[in-house]
Chemist: 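The structure that follows is given in the form of structure tokens.
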Amino acid sequence: MNPAVTNPGGVPALTKKDFATDQEVRWCPGCGDYAILNAVQQVFPELGIPKEKFVIVSGIGCSSRFPYYMNTFGFHSIHGRAPAIASGVKLARPDLSVWVATGDGDALAIGGNHIIHMLRRNMDVKVLMFNNRIYGLTKGQYSPTSEQFKKTKSTPFGSLDRPFNPIALALGAEATFVARAIDIYANHLKEVIRAAARHKGSAFIEIYQNCNIFNDHAFDAVREKDTRDENAVTLEHGKPLVFGKNRDKGLRLNGLDFEVVDLSSAGGSAGDLFVHDETAENAGAAFLLAHLGDRPGAPTPIGVFRRVERPAFDEMAARQIREVTEKLGPGELETLLNSGDVWEVGP
Amino acid sequence: MNPAVTNPGGVPALTKKDFATDQEVRWCPGCGDYAILNAVQQVFPELGIPKEKFVIVSGIGCSSRFPYYMNTFGFHSIHGRAPAIASGVKLARPDLSVWVATGDGDALAIGGNHIIHMLRRNMDVKVLMFNNRIYGLTKGQYSPTSEQFKKTKSTPFGSLDRPFNPIALALGAEATFVARAIDIYANHLKEVIRAAARHKGSAFIEIYQNCNIFNDHAFDAVREKDTRDENAVTLEHGKPLVFGKNRDKGLRLNGLDFEVVDLSSAGGSAGDLFVHDETAENAGAAFLLAHLGDRPGAPTPIGVFRRVERPAFDEMAARQIREVTEKLGPGELETLLNSGDVWEVGP
Amino acid sequence: MTVDTKSTGTRNVQRLERVVIRFAGDSGDGIQLTGSQFTATSAVAGNDLATLPDYPAEIRAPAGTLPGVSGFQISFASTDIYTPGDAPDVLVAMNPAALKVNLPDLRPNGVLIVNEDAFAEKDLDKAGYTVNPLEDGSLDKFQLFKVPLSKLTRTALEGVGLATRDVDRSKNFFALGMMYWLYNRPPETTKRWIRENFKNNAVLAEANLKALQAGYSYSEATEIFQQTYDVPPAPLAPGRYRNVSGNQALALGFIAASKKSGLPLFQGSYPITPASDILHELSRYKNFGVTTFQAEDEIAAIGATIGASFAGSLAITTTSGPGVALKSEAIGLATMVELPLVICNIQRGGPSTGLPTKTEQADLFQALYGRNSEAPVPVLAAATPGDCFAIAYEAARIAIKYMTPVFVLTDGYLANGSEPWKLPGVEDLPEIPVRFRTDPEGFRPYQRDPGTLARPWAVPGTPGLEHRVGGLEKQDGTGNVSYDPLNHELMVKLRAEKIARIVMEVPDVEVFGDPGGGDLLVVGWGSTYGAIHGAVRQKRSEGRSVSHVHLRHLNPMPGNLGDVLGRFRKVLVPEMNMGQLSFVLRGRYLVDAQGLNKIQGRPFTEAEIAARIDALVGGKK
Amino acid sequence: MTVDTKSTGTRNVQRLERVVIRFAGDSGDGIQLTGSQFTATSAVAGNDLATLPDYPAEIRAPAGTLPGVSGFQISFASTDIYTPGDAPDVLVAMNPAALKVNLPDLRPNGVLIVNEDAFAEKDLDKAGYTVNPLEDGSLDKFQLFKVPLSKLTRTALEGVGLATRDVDRSKNFFALGMMYWLYNRPPETTKRWIRENFKNNAVLAEANLKALQAGYSYSEATEIFQQTYDVPPAPLAPGRYRNVSGNQALALGFIAASKKSGLPLFQGSYPITPASDILHELSRYKNFGVTTFQAEDEIAAIGATIGASFAGSLAITTTSGPGVALKSEAIGLATMVELPLVICNIQRGGPSTGLPTKTEQADLFQALYGRNSEAPVPVLAAATPGDCFAIAYEAARIAIKYMTPVFVLTDGYLANGSEPWKLPGVEDLPEIPVRFRTDPEGFRPYQRDPGTLARPWAVPGTPGLEHRVGGLEKQDGTGNVSYDPLNHELMVKLRAEKIARIVMEVPDVEVFGDPGGGDLLVVGWGSTYGAIHGAVRQKRSEGRSVSHVHLRHLNPMPGNLGDVLGRFRKVLVPEMNMGQLSFVLRGRYLVDAQGLNKIQGRPFTEAEIAARIDALVGGKK
Ligand SMILES: Cc1ncc(C[n+]2csc(CCOP(=O)(O)OP(=O)(O)O)c2C)c(N)n1
Ligand SMILES: Cc1ncc(C[n+]2csc(CCOP(=O)(O)OP(=O)(O)O)c2C)c(N)n1
Ligand code: SF4
Ligand code: SF4
Ligand SMILES: [Mg+2]
Ligand SMILES: [Mg+2]
């Protein structure tokens with residue numbers, strides 16, 4: 001059961017402060033992680049879930065210190081394995097609200113396999129992936145999301161790996177909820193987190209997060225006030241894709257390619273713009289949008305790319321146990337031990 | 001360098017027999033693996049690559065016994081790790097033709113992460129993934145490609161996992177060459193293998209392979225003579241998508257959805273059929289095609305979904321070494337040891 | 001030991017104390033089935049017994065070849081027995097390859113039954129015979145019975161309505177019928193099994209029933225065997241019995257622990273030979289509230305297990321050596337977060353992929369030391385298939401009581417082998433009290449129980465107990481991250497001390513033989529129990545001063561072990577490895593333990609151990 | 001040991017034998033940089049030296065807090081020294097937190113230099129001081145120098161054109177300038193470094209140069225120190241020297257092995273503290289033909305390494321304990337396929353994530369035993385930062401000669417610590433002959449060299465040598481898959497024997513002290529070398545019968561070790577773990593080795609070891 005759904009009321013009203021711990025927050029001053037922490041601490045009290053029902057699991061990395069600062073049950077585990085541990089928690093206790101806090105290295109380098117398997121299973125766990133396109137904690141090596149040819153500690157002559165597109169990867173893994181947000185745009189980030197919490201099943205949120213020590217300015221185009229409106233487009237369910245400081249640009253499909261339409265010019269009409277549908281059965285549009293930002297001139301989408309309903313793994317697992325129990329009757333140890341060919345040896 | 005390209009001639013003509021080993025082939029009689037072995041043994045001699053330049057790396061599984069039966073250099077490694085080992089071989093010796101033989105479990109369960117990373121890097125390694133939708137060697141547990149609710153040894157009441165779509169996953173991982181073939185359709189399979197060999201960079205081929213012991217009939221719809229023409233559509237570069245026993249059905253795009261057109265009926269016209277372009281920059285069409293088979297009534301595509309040129313990782317790595325060496329001069333050990341603040345202690 | 005198996009020339013029933021039979025054939029021949037049916041029947045007949053299945057790594061190696069040979073050995077007796085026997089008294093060989101592979105083990109004058117229909121030239125070829133061994137006199141020293149099994153089965157099944165290929169599949173039941181007749185065993189248990197198992201396929205059921213009966217009748221009618229045998233029931237301790245394999249018993253042990261503790265059972269696993277059957281077994285018991293999770297790999301399997309443990313389940317993960325290697329990092333995490341879970345290693349031949357279907361006990365070092373840094377974990381090992389139940393149960397109990405991961409070691413031989421198992425009374429099983437922390441007052445995640453040093457189990461969902469755990473060093477008491485040097489040393493020592501205190505749960509070793517000491521003490525662990533015990537009994541009966549101690553707890557070891565070792569002039573440690581326990585005993589107790597090491601993927605025979613005992617304390621010359 | 005550091009009241013230069021300085025401040029204060037500059041200058045001045053950096057696990061813990069404190073200790077001397085020193089003679093504390101963390105270590109009457117500008121109330125608060133320690137008399141037992149470092153630096157940098165925040169960053173150079181004056185060191189080396197390092201930022205270069213000079217001039221002008229010190233050059237063996245850290249030396253060792261063997265170097269790695277710097281270092285040397293591959297995880301890293309080895313590279317993988325745990329399965333594979341590679345474990349505090357930036361040597365068991373089944377691997381351990389070069393080189397040589405994976409153990413202390421290192425002559429390095437098999441005639445993949453038992457290295461691309469390797473058991477000679485029981489035993493023993501023969505490469509241990517035996521032998525391995533050696537020298541100078549043996553080869557161990565151990569009445573094994581080497585010595589040699597175990601994430605001091613020596617063989621009362 002989704003605790004957000006089954007515990008709608010009766011819970012004492014919580015506030016942001018309830019979710020803060022007594023541990024000093026130990027990220028670098030200026031790190032984008034602070035903003036994310038802030039957003040989560042603001043959203044959690046709204047969800048109508050008792051505090052003790054939250055579990056936050058993380059791996060290793062700057063981002064993975066997240067649980068220490070959230071006054072919920074928390075597990076700062078080992079590098080890359082948070083989705084596996086979270087899956088165990090959720091399977092054992094489907095009534096809990098289980099979250100994973102992870103980084104681009106933790107989730108997509110060492111932990112890539114666990115993430116994609118959790119997503120395809122649709123385990124009801126929410127993933128907050130702090131993407132700073134760098135390994136922060138180990139002091140600045142390139143990550144699987146770093147741009148190609150990046151000079152880092154481990155690649156003084158430039159990296160050679162082509163990066164993952166985390167949204168495309170999640171879609172390729174059949175994820176049912178895929179979204180992107182930006183650390184410092186609190187309202188949008190909170191909206192996305194809320195939507196993930198409401199979603200029944202796996203939710204994957206990529207959060208662009210600035211690491212001002214090892215990869216400063218990585219997201220300036222979409223993160224700085226003066227450039228972001230031109231470079232980012234916010235996906236809104238049921239609405240046409242419009243962006244630009246003056247909301248004067250739109251996106252239209254031409255065959256399988258998106259193209260930018262100048263709404264202010266004569267030829268541009270809002271009528272033929274692409275209308276975003278988070279819930280489309282067909283993940284094709286989401287996949288196309290995922291790659292939109294790769295193309296020069298095209299904006300980077302933020303928001304919910306895909307949100308479709310599928311039975312959650314943990315729910316099905318619990319149901320299977322119920323159904324088999326109903327069918328066969330509750331297991332009796334005595335009977336079980338005595339099953340098969342049993343014989344008696346007399347005294 | 002791609003050996004297929006750099007060794008165009010001067011190689012003594014090889015035959016299928018040259019690629020057979022003295023080891024008894026130990027798959028179950030009737031196993032689809034035999035057909036794949038046969039196809040590969042037929043294609044390899046054609047490639048103009050000296051026999052000793054082939055390396056086949058595998059993991060563990062029935063499929064992974066493949067190297068034992070190929071008279072090339074071979075490495076039957078550990079479960080899931082073939083892509084990593086193959087990457088090391090290729091990086092160390094870019095002149096070799098490096099192949100991975102793997103199964104759906106080996107490649108997508110334990111080995112999922114290595115596969116997707118190798119694909120995004122575009123390491124020039126070719127992957128033959130024998131997809132029998134089951135764990136064969138361990139005697140019949142469901143795999144990450146098994147259909148949901150499957151009853152197997154480990155899921156007597158039905159599995160709960162939603163399967164991966166291997167083609168979609170590879171596309172989501174930014175693969176540059178993605179294809180699908182069927183074990184027993186030798187000519188098509190060989191064509192696809194040839195195309196993979198010619199491709200410079202990672203190639204991922206999903207091969208539907210019948211495991212007649214633990215998952216017989218899994219692919220009957222597209223594998224049996226009498227049903228396949230209706231259920232499979234062959235992707236041909238630059239050609240419209242047509243299928244059916246009488247080639248009387250076609251596929252047309254309607255927005256982002258494919259729909260089947262009855263070419264024999266009045267309304268059906270071959271003119272507006274979708275024309276397949278393997279080399280489209282935009283992977284959107286390939287992604288849509290990957291999910292085509294999920295929909296009732298729509299055929300399962302086989303052939304090359306995507307084939308785009310990107311620099312191969314191994315090539316770039318070799319070039320980087322060359323370029324840095326040109327720039328800094330070949331490293332001298334004596335100079336290196338003596339670099340930094342060096343001082344002399346007199347006798 | 002068999003009393004006398006020689007043919008006397010007249011048909012009669014001879015009473016034997018012990019018989020060893022080996023069925024062998026192609027992996028497609030249903031040998032494992034035949035063997036387990038004979039086992040079930042012998043069990044019901046009240047014999048003590050032990051079995052050893054032996055099958056190839058390939059699913060189906062090419063029919064008729066040597067690598068494709070599958071075997072099943074059973075020893076059954078009217079006395080206590082400890083092993084499936086050394087040399088078989090009877091060999092049933094379904095084809096030339098099976099004959100070739102197994103003949104060297106058959107004892108002189110043993111009974112040899114072959115399917116002569118399978119000795120055509122091409123069959124001989126595949127097995128590498130240049131001349132037909134049935135005809136060249138090379139089998140003269142055995143009691144050879146050439147039976148046209150295929151032909152007889154076909155005749156018997158005429159009209160059943162099966163294709164020849166399918167008819168031929170029933171010939172194992174024909175052979176089984178013959179063996180039942182030979183050993184005066186009623187075929188009823190097997191008939192019941194056939195009816196139950198083929199209930200959805202009436203034709204196959206009928207075919208197999210007919211073949212079984214035909215084999216039985218054929219033996220009676222033709223009087224092919226001039227003598228039949230009877231092995232009376234063994235004087236087993238009174239009680240209810242069933243036959244279990246080690247993997248079954250292990251699964252049952254965990255279900256029992258789950259029931260007794262009141263905790264739901266969670267299994268995170270990834271298939272691997274020879275551990276997969278535990279997953280197969282447990283996945284059938286959903287109505288016991290069991291959650292089985294087939295993960296994407298071994299790391300995810302233990303990851304989910306740790307998560308389930310954190311969330312309050314009785315959580316276990318099952319695998320074999322290569323899987324344990326992958327789990328090592330996570331096991332370290334489990335020692336740091338001090339959560340209860342059980343890691344089962346069904347050992348197999350190594351290193352690396354090694355001999356996946358063969359047995360070995362070479363992962364003791366890995367269990368004890370196979371992690372980074374100081375991460376001690378209790379290690380238990382089962383001695384017999386039935387003992388797997390008790391070990392699983394005990395491991396779960398210790399894990400919960402001490403809040404620690406626990407290792408259980410068994411091996412391929414125990415996992416697939418079986419023995420009659422006296423059913424424990426559910427009420428006799430030790431209690432497994434679980435005390436989840438619920439009181440927020442004064443709660444500190446690493447506050448330890450003064451007796452066990454266990455920290456509290458405070459599961460998510462409990463109001464007021466919100467806390468964080470993780471792999472960084474923890475501050476004593478609070479569990480907060482701490483880089484304090486002295487705290488680190490304290491915590492390393494506390495974790496070690498907690499495991500050391502588990503010695504309180506470990507019974508002192510009991511010496512079989514001379515508790516006061518003597519010439520030689522044979523120390524074993526794991527599946528060597530039967531072979532060592534048999535050999536030591538035999539040598540004692542010959543008057544040797546030799547005793548046996550068998551360890552079920554490898555860490556911590558029994559408190560009196562050092563003392564006991566000191567009482568013997570020599571210490572011998574037979575192991576299916578290069579001397580791992582032996583090294584540990586040397587290191588811990590500075591005792592000059594000697595190893596008897598067999599690394600052949602198959603268990604010791606009693607004779608091998610007996611021979612070494614002779615060499616050490618003088619035997620018959 | 002310092003001869004005399006007491007202030008005499010008049011300005012003069014006093015000659016000292018040894019000085020220990022610790023720089024401490026916020027992690028943003030450039031402490032590591034300051035320390036390494038002082039180190040470089042002392043090295044060039046010809047001192048022997050040893051360093052110990054100590055930094056927090058967080059990238060930037062909140063400024064001014066205790067967890068954010070970073071430290072760097074250097075000991076430099078005119079004599080041979082072995083450790084960075086026990087108690088510092090001088091402490092430079094940039095803020096209250098640094099003072100609080102480090103003061104307990106400062107020796108009585110030690111020099112204490114503090115930045116008094118950093119002692120405002122909010123700074124004191126963050127460090128948990130309720131009263132200002134600069135004013136409450138609590139520092140009276142030290143020579144306290146309160147310097148307004150921030151203010152002085154700002155004054156000095158007026159007009160350079162930097163924001164205050166950036167100006168403040170230069171205060172470490174001011175402090176460094178003061179220390180250079182105090183120890184009569186020319187600031188030239190550092191000036192050169194600043195110019196080189198900030199060549200793209202003229203403003204910063206000027207600022208730092210000015211700050212350095214200002215600190216120097218300030219000390220001279222104000223005569224704040226009534227005395228300066230001179231530590232003359234140490235009588236190092238003649239030759240060319242440079243200062244290296246362990247990680248640098250390790251990287252150089254592999255490059256040297258690559259050059260000498262003629263094999264391209266391949267490194268497969270995944271970043272992890274404290275091993276990442278090896279990857280950073282090697283990735284700079286592409287013009288040496290080095291391929292560095294940052295893999296997606298540790299398993300892929302060793303996978304690629306095995307692949308590169310198969311393809312004929314000198315292949316290495318570098319990591320720390322948790323990474324080794326993940327590699328264990330693949331290491332087993334490497335032992336089975338018998339390919340040469342080197343696995344470096346830069347050990348850190350554990351278990352699990354443990355204390356990632358702290359040192360420990362608790363992965364010896366893991367290196368020796370941390371795999372499934374019998375998969376023996378040679379294990380080498382470096383004793384000092386400079387020794388990492390020789391160990392890396394030797395590991396590569398053995399790997400190639402014996403066709404085997406080889407473990408190299410160092411630790412965080414060696415990795416980040418540094419010492420003057422005498423440059424080896426390139427021509428003096430032992431040859432590393434490589435004989436790839438090229439002749440197809442009679443080629444068998446597992447045909448062994450009769451001397452070393454190495455199998456041939458037949459790399460892909462060689463015509464006629466096509467063959468298959470893998471993790472299943474191999475047939476002796478042919479390398480074909482074999483399930484034959486006796487072949488398995490043979491192969492297990494051959495693999496073990498091959499590793500055992502590496503003893504031919506291992507020099508006999510040399511006893512420092514009394515080779516003929518005595519009261520006490522202290523046996524060490526790894527980074528404890530300096531502390532043990534210093535303590536043993538000291539105790540010998542006091543007349544104790546104590547000797548030292550240091551193991552660089554942990555498997556196989558030197559051939560004469562058993563003999564040597566037997567010559568001493570007691571054996572003491574100091575280790576930064578719970579007694580791992582100690583246990584191995586007990587198990588192998590049945591010697592009653594005692595442990596001195598420190599598990600605090602930091603190295604032994606000489607005093608700690610000396611104290612235990614006293615306890616065992618009677619010391620000064
Ligand atoms: C098994 C293992 N390998 C490597 C490491 C070292 N390590 C810690 S965090 C990290 C990467 C962190 O990157 P990311 O997940 O992007 O987190 P960030 O610090 O950038 O938030 C690495 C490589 C480790 N702790 N454990
Ligand atoms: C580390 C490890 N875990 C598990 C196994 C057991 N195992 C061997 S093959 C296999 C799955 C094989 O499935 P697949 O890759 O689909 O190959 P198939 O046999 O179907 O061709 C498993 C789980 C192993 N050998 N090693
Ligand atoms: S290193 Fe980067 S990601 Fe890590 S805390 Fe500092 S700013 Fe944040
Ligand atoms: S089990 Fe299946 S996949 Fe394996 S060899 Fe047999 S038929 Fe082929
Ligand atoms: Mg990151
Ligand atoms: Mg498969």
Chemist: Side-chain donor-acceptor pairs under 3.5 Å in residues 300-314 of chain C, sequence neighbours left out?
Modeler:
{"residue": "Thr305(C)", "atom": "OG1", "partner": "Ala301(C)", "partner atom": "O", "Å": "2.7"}
{"residue": "Thr305(C)", "atom": "OG1", "partner": "Ile316(C)", "partner atom": "O", "Å": "3.4"}
{"residue": "Ser309(C)", "atom": "OG", "partner": "Pro340(C)", "partner atom": "O", "Å": "2.8"}

Chemist: Under a 4.5 Å heavy-atom cut-off, does chain A meet the side chain of Phe266(C), its backbone, both or neither?
Modeler: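 For Phe266(C), the side chain is the part near chain A, not the backbone.
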
Chemist: Return yes if some donor-acceptor pair links the side-chain N/O of Asn243(C) with the main-chain N/O of Ala43(C) below 3.5 Å, else return no.
Modeler: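 Not a single qualifying donor-acceptor pair exists.
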
Chemist: Using a distance-only test with no angle check, is there a side-chain donor-acceptor pair under 3.5 angstrom linking Thr51(C) and Ser418(C)?
Modeler: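 Distance-only check passes for Thr51(C) and Ser418(C).
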
Chemist: Do Arg185(C) and Asn47(C) pair up side chain to side chain, a donor and an acceptor below 3.5 Å, judged on atom types alone?
Modeler: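 A pair is found: one side chain offers a donor N or O, the other an acceptor, under 3.5 Å apart.
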
Chemist: Name the option with the most non-hydrogen atom pairs under 4.5 Å to chain A; the candidates are Val481(C), Thr462(C), Leu252(C).
Modeler: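 Of the options given, most contacts go to Thr462(C).
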
Chemist: Checking Met118(A) against chain C: side chain, backbone, both or neither under 4.5 Å from a heavy atom?
Modeler: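 Neither part.
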
Chemist: At a heavy-atom separation under 4.5 Å, does Glu427(C) approach chain A through its side chain, its backbone, both, or neither?
Modeler: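 Side chain of Glu427(C) only, per the 4.5 Å heavy-atom cut-off to chain A.
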
Chemist: Could you report the tightest heavy-atom contact between Lys51(A) and Asp18(A), atom names first, then the distance?
Modeler: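 Minimum heavy-atom separation between Lys51(A) and Asp18(A): CD-O, 3.3 Å.
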
Chemist: Which answer fits Pro420(C), side chain, backbone, both or neither, if we ask what part of it has an atom under 4.5 Å from a heavy atom of chain A?
Modeler: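 Both the backbone and the side chain of Pro420(C) come within 4.5 Å of chain A.
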
Chemist: Quick one: of Ala315(C), Gly461(C), Ala237(C), who has the most non-hydrogen atom pairs under 4.5 Å with chain A?
Modeler: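 Heavy-atom pair counts peak at Gly461(C).
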
Chemist: Kindly say whether Tyr69(A) contributes a backbone atom to a donor-acceptor pair with the side chain of Gln41(A) at under 3.5 angstrom?
Modeler: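 Flag set: sc Gln41(A) to bb Tyr69(A) pair under 3.5 Å.
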
Chemist: Can you tell me which of Glu323(A), His117(A), Gln320(A) forms the most heavy-atom pairs within a distance under 4.5 Å of chain C?
Modeler: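 Max contact count across the listed options: His117(A).
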
Chemist: Checking heavy atoms, do the side chain of Ser339(A), its backbone, both or neither come under 4.5 Å from chain C?
Modeler: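 Looking at Ser339(A), backbone and side chain both touch chain C.
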
Chemist: Pick one of side chain, backbone, both or neither for Pro463(C), based on which atoms fall under 4.5 Å of a heavy atom in chain A.
Modeler: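 Interface part for Pro463(C): both.
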
Chemist: Could you tell me which portion of Glu326(A) (side chain, backbone, both or neither) has an atom closer than 4.5 angstrom to a non-hydrogen atom of chain C?
Modeler: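 Neither the backbone nor the side chain of Glu326(A) comes within 4.5 Å of chain C.
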
Chemist: Among Phe73(A), Phe204(A), Phe44(A), find the residue that satisfies the ring-ring contact (aromatic ring centres under 6.0 Å, His included) test when tested with Trp99(A).
Modeler: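 Of the listed options, the one satisfying the test is Phe44(A).
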
Chemist: Side chain from CB out, backbone as N, CA, C, O: work out which of these in Arg120(A) comes under 4.5 Å of a heavy atom of chain C, or both, or neither.
Modeler: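 No part of it gets close to chain C.
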
Chemist: When you compare the side chain of Thr190(C) with that of Arg195(C), does any pair of heavy atoms fall below 4.5 Å?
Modeler: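 The answer is no, as the side chains (C-beta and beyond) never meet within the 4.5 Å cut-off.
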
Chemist: So which of Gly425(C), Gly471(C), Pro238(C) has the largest heavy-atom pair count under 4.5 angstrom toward chain A?
Modeler: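 Looking at each option in turn, the highest pair count goes to Pro238(C).
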
Chemist: Ring-plane angle category for Tyr393(C) and Phe389(C), please: parallel below 30°, perpendicular beyond 60°, tilted otherwise.
Modeler: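 Tyr393(C) and Phe389(C): parallel rings.
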
Chemist: Whether Lys327(C) and Glu298(C) form a salt bridge (side-chain N of Lys/Arg under 4.0 Å from carboxylate O of Asp/Glu) is what I want to check.
Modeler: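 Salt bridge between Glu298(C) and Lys327(C), a charged N being under 4.0 Å from a carboxylate O: no.
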
Chemist: Verify, without hydrogens or angle tests, whether Glu281(C) (side chain) and Gln248(C) (backbone) share a donor-acceptor contact under 3.5 angstrom.
Modeler: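 No; judged by distance alone, with no hydrogens or angles, the pair does not exist.
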
Chemist: Which bit of Pro424(C) is near chain A, if near means a heavy-atom gap under 4.5 Å: side chain, backbone, both or neither?
Modeler: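 When you check distances to chain A, atoms from both the backbone and side chain of Pro424(C) fall under 4.5 Å.
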
Chemist: Does any backbone or side-chain atom of Val55(A) lie under 4.5 Å from a heavy atom of chain C? Answer side chain, backbone, both or neither.
Modeler: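 The side chain, not the backbone.
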
Chemist: Side chain, backbone, both or neither: which part of Phe313(A) has a heavy atom under 4.5 Å from chain C?
Modeler: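 Only the side chain of Phe313(A) comes within 4.5 Å of chain C.
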
Chemist: Look at Glu296(C), Lys422(C), Lys259(C), Lys260(C) and state which one has the largest set of heavy-atom pairs under 4.5 Å with chain A.
Modeler: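 When all of Glu296(C), Lys422(C), Lys259(C), Lys260(C) are compared, Glu296(C) has the most.
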
Chemist: Between Pro232(C) and Ser78(C), what is the shortest heavy-atom contact and its length?
Modeler: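 Distance-wise, the nearest heavy atoms are O-CB, 3.0 Å.
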
Chemist: Counting heavy-atom pairs closer than 4.5 Å to chain C, which one of Gly74(A), Pro67(A), Ala92(A) comes out on top?
Modeler: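 Max contact count across the listed options: Gly74(A).
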
Chemist: Tell me, side chain or backbone of Leu236(C) under 4.5 Å from chain A's heavy atoms, or both, or neither?
Modeler: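 Looking at Leu236(C), backbone and side chain both touch chain A.
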
Chemist: Among the options Leu333(A), Leu91(A), Val324(A), pick out the one with the most heavy-atom pairs lying under 4.5 Å from chain C.
Modeler: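 Among Leu333(A), Leu91(A), Val324(A), the one with the most close pairs to chain C is Leu333(A).
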
Chemist: Please classify the contact between Arg322(A) and chain C as side chain, backbone, both or neither, with a heavy-atom cut-off of under 4.5 Å.
Modeler: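 Contact with chain C: none, neither part.
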
Chemist: If I measure from the heavy atoms of chain A, does Val337(C) come under 4.5 Å with its side chain, its backbone, both, or neither?
Modeler: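 Interface part for Val337(C): side chain.
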
Chemist: For chain C, which candidate among Asp341(A), Leu337(A), Leu328(A) shows the most heavy-atom pairs at distances under 4.5 Å?
Modeler: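 Maximum pair count with chain C is reached by Leu337(A).
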
Chemist: Answer whether the closest heavy-atom distance between the side chains of Val342(A) and Leu423(C) falls below 4.5 Å.
Modeler: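 A side-chain contact under 4.5 Å exists here.
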
